[in-house]
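Everything below concerns the one structure shown next.
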Amino acid sequence: MAHFVVVGAGQAGASLVAKLRADGFAGQITLIGAEAATPYQRPPLSKAYLLGEITADRLALRADSFYAEQDITLKLGQPVTVVDAAARTVTVGGETIAYDELALTTGSVPRRLPAAIGGDLAGVHTVRTLADVDAMRDEFVAGRHLVIIGGGYIGLEAAAVAAKLGLIVSVVEMAPRILQRVASAETSAYFRKLHGDHGVAVLEGVGLEQLLGDGRVTTAQLTDGRALRADFVIVGVGILPVTDLAELAGCHLDNGIRTDAHGRTSVPHIWAAGDCASFPWQGGRLRLESVGNAIDQAELVAENMLGAGKEYVAQPWFWSDQYDCKLQIAGLNTGYDQIVTRGPEGEAVSFWYYRGEQLLAVDAMNDPRAYMVGKRLIEMGRSPDPALIADPATNLKALLKA
């Protein structure tokens, strides 16, 4: 009986094993995860879970009973230490497990500040796992001072939670503007104002010099000479793909674990999907850090492990919740040269990214219609005249039929 092993029990790993069973695989399946918790959703960690609006049991992707019912063996709380590609085995917790096909869905880890600048002081946190958030929840007490290093989505989501809970929040962004790496100046301005309206100090174009404190952080010293009180710190300066096992197995790396369009790595019988995997994209390579990609790519890899021979065509989408604003993003804005603004109409506004005449992406704030229409247009390869998008009289849904 064939044995498929999946290493990494996050969104991608859980999606992959479920798809294997759904598509009729009758062999053995083992899902291995370094965390003790059964596979759970990560996005709510920095939002509803941190706010206390949902409990840990509601984070689970599936009921614990699902894995038993589907005859999926879970090995949790123990990392894989060895991958022997020649012998086709993995070692976990001192046990050696043979595989016929192996999928690496090892995800990513947050970048951390160097110890030399105070990154290892108590009270310095990152946001990635359930344990990360549990470790910082007691820090969120009204009136305390929180300094967030990094003005990306994770940092801004944490800022929104802290501001809601009555903390005094400063966001420090080294780039000239928050969200610079991922969004337009218009989207940055929208969120700068949103956070300012909620009392968050957004400090742009200034870096962190050092975190200071005797064992525990007390101060964030900035590169412009300012010193910010810091009862605790959250670091949100990006993530790194987890590739150590792939490297150990001899897989080629290229901004993550390099795969072909089917999800195969350079080593026979080893596949990869999710945050850790880079794949062919429009003549180059791409690695996506999103729930949508984790699900779609993992399910396609499951099909291909069963012989489907399908190529992965990514349809990127993302979201972020901050205060009462729901940001929904369709497409990838890489290479845009024009922004078209639609709205505002009440609390709804959207920014449409064009490269020449081609629609690339849409950022929609409290505007689900703009998001859905934009997503469909991008998937269809259609690019409406920018003037139509900007015209409030235009019925967006009609653009899908034009």
If we ignore angles and hydrogens, is there a donor and acceptor under 3.5 Å between the side chains of [X] and [Y]?
{"X": "S170", "Y": "R229", "result": "no"}
{"X": "H125", "Y": "E139", "result": "yes"}
{"X": "S108", "Y": "E289", "result": "no"}
{"X": "H198", "Y": "Q322", "result": "no"}
{"X": "Y312", "Y": "D296", "result": "no"}
{"X": "S278", "Y": "D254", "result": "no"}

Could you tell me whether a side-chain N or O of [X] sits under 3.5 Å from a main-chain N or O of [Y], the two making a donor and an acceptor?
{"X": "R342", "Y": "I389", "result": "yes"}
{"X": "T106", "Y": "V242", "result": "yes"}
{"X": "T89", "Y": "A98", "result": "no"}
{"X": "T105", "Y": "G8", "result": "yes"}
{"X": "N333", "Y": "Y336", "result": "no"}
{"X": "D367", "Y": "S350", "result": "no"}
{"X": "R137", "Y": "Y49", "result": "yes"}
{"X": "S188", "Y": "I178", "result": "yes"}
{"X": "S266", "Y": "H252", "result": "yes"}
{"X": "N304", "Y": "K310", "result": "yes"}

Is the number of heavy atoms from other residues, nucleotides or ligands under 6.0 Å of [X] [atom1] greater than 12?
{"X": "E53", "atom1": "CD", "answer": "yes"}
{"X": "E347", "atom1": "CD", "answer": "no"}
{"X": "R376", "atom1": "CZ", "answer": "no"}

Closest heavy-atom contact between S290 and D275?
N-OD1, 3.7 Å
Can you name the closest pair of heavy atoms from P241 and C276 and give their distance?
CB-CA, 3.9 Å
Taking the cut-offs as 6.0 angstrom to the six-membered ring centre and 45 degrees off its axis, would you call R216 and F232 a cation-pi pair?
no
Evaluate D197 against K193 for salt bridge (charged side-chain N to carboxylate O under 4.0 Å, His left out), listing each step before the verdict.
CA-CA 6 Å; D197 289 347; K193 181 179 186 303; 2.8 Å; yes
Could you tell me which residues satisfy side chain to side chain contact (heavy atoms under 4.5 Å, CB included) with E247, sequence neighbours excluded, listed by chain and number?
L253
Begin from the C-alpha positions of D321 and K47 and carry the test salt bridge (charged side-chain N to carboxylate O under 4.0 Å, His left out) through to its verdict.
CA-CA 7 Å; D321 294 321; K47 309 176 187 78; 5.4 Å; no
Side-chain heavy atoms of Q338 within contact of Y353, under 4.5 Å:
no
Report yes if the side chains of L211 and I117 come closer than 4.5 Å at any heavy-atom pair, otherwise no.
no
Could you check D337 against R355 for salt bridge (charged side-chain N to carboxylate O under 4.0 Å, His left out), going step by step and ending with a plain yes or no?
CA-CA 5 Å; D337 55 26; R355 180 174 58 216; over 6 Å; no
Separation of [Y] [atom2] from [X] [atom1] (nearest 0.5 Å):
{"X": "Q221", "Y": "T223", "atom1": "CD", "atom2": "OG1", "value": "9.5 Å"}
{"X": "L228", "Y": "L203", "atom1": "CG", "atom2": "CG", "value": "6.0 Å"}
{"X": "I32", "Y": "T30", "atom1": "CD1", "atom2": "OG1", "value": "6.5 Å"}
{"X": "T219", "Y": "H145", "atom1": "OG1", "atom2": "NE2", "value": "11.0 Å"}

Who passes ring-ring contact (aromatic ring centres under 6.0 Å, His included) against Y153, sequence neighbours left out?
none
Could you check whether the rings of F4 and F25 sit parallel, tilted or perpendicular, using 30° and 60° as the cut-offs?
parallel
For the residue pair W319 and W317, categorise the inter-ring angle as parallel (less than 30°), tilted (30 to 60°) or perpendicular (more than 60°).
parallel
Start with the C-alpha gap between D260 and R264, add the side-chain angles, then the distance that decides, and say whether salt bridge (charged side-chain N to carboxylate O under 4.0 Å, His left out) holds.
CA-CA 5 Å; D260 65 12; R264 293 185 185 88; 3.8 Å; yes
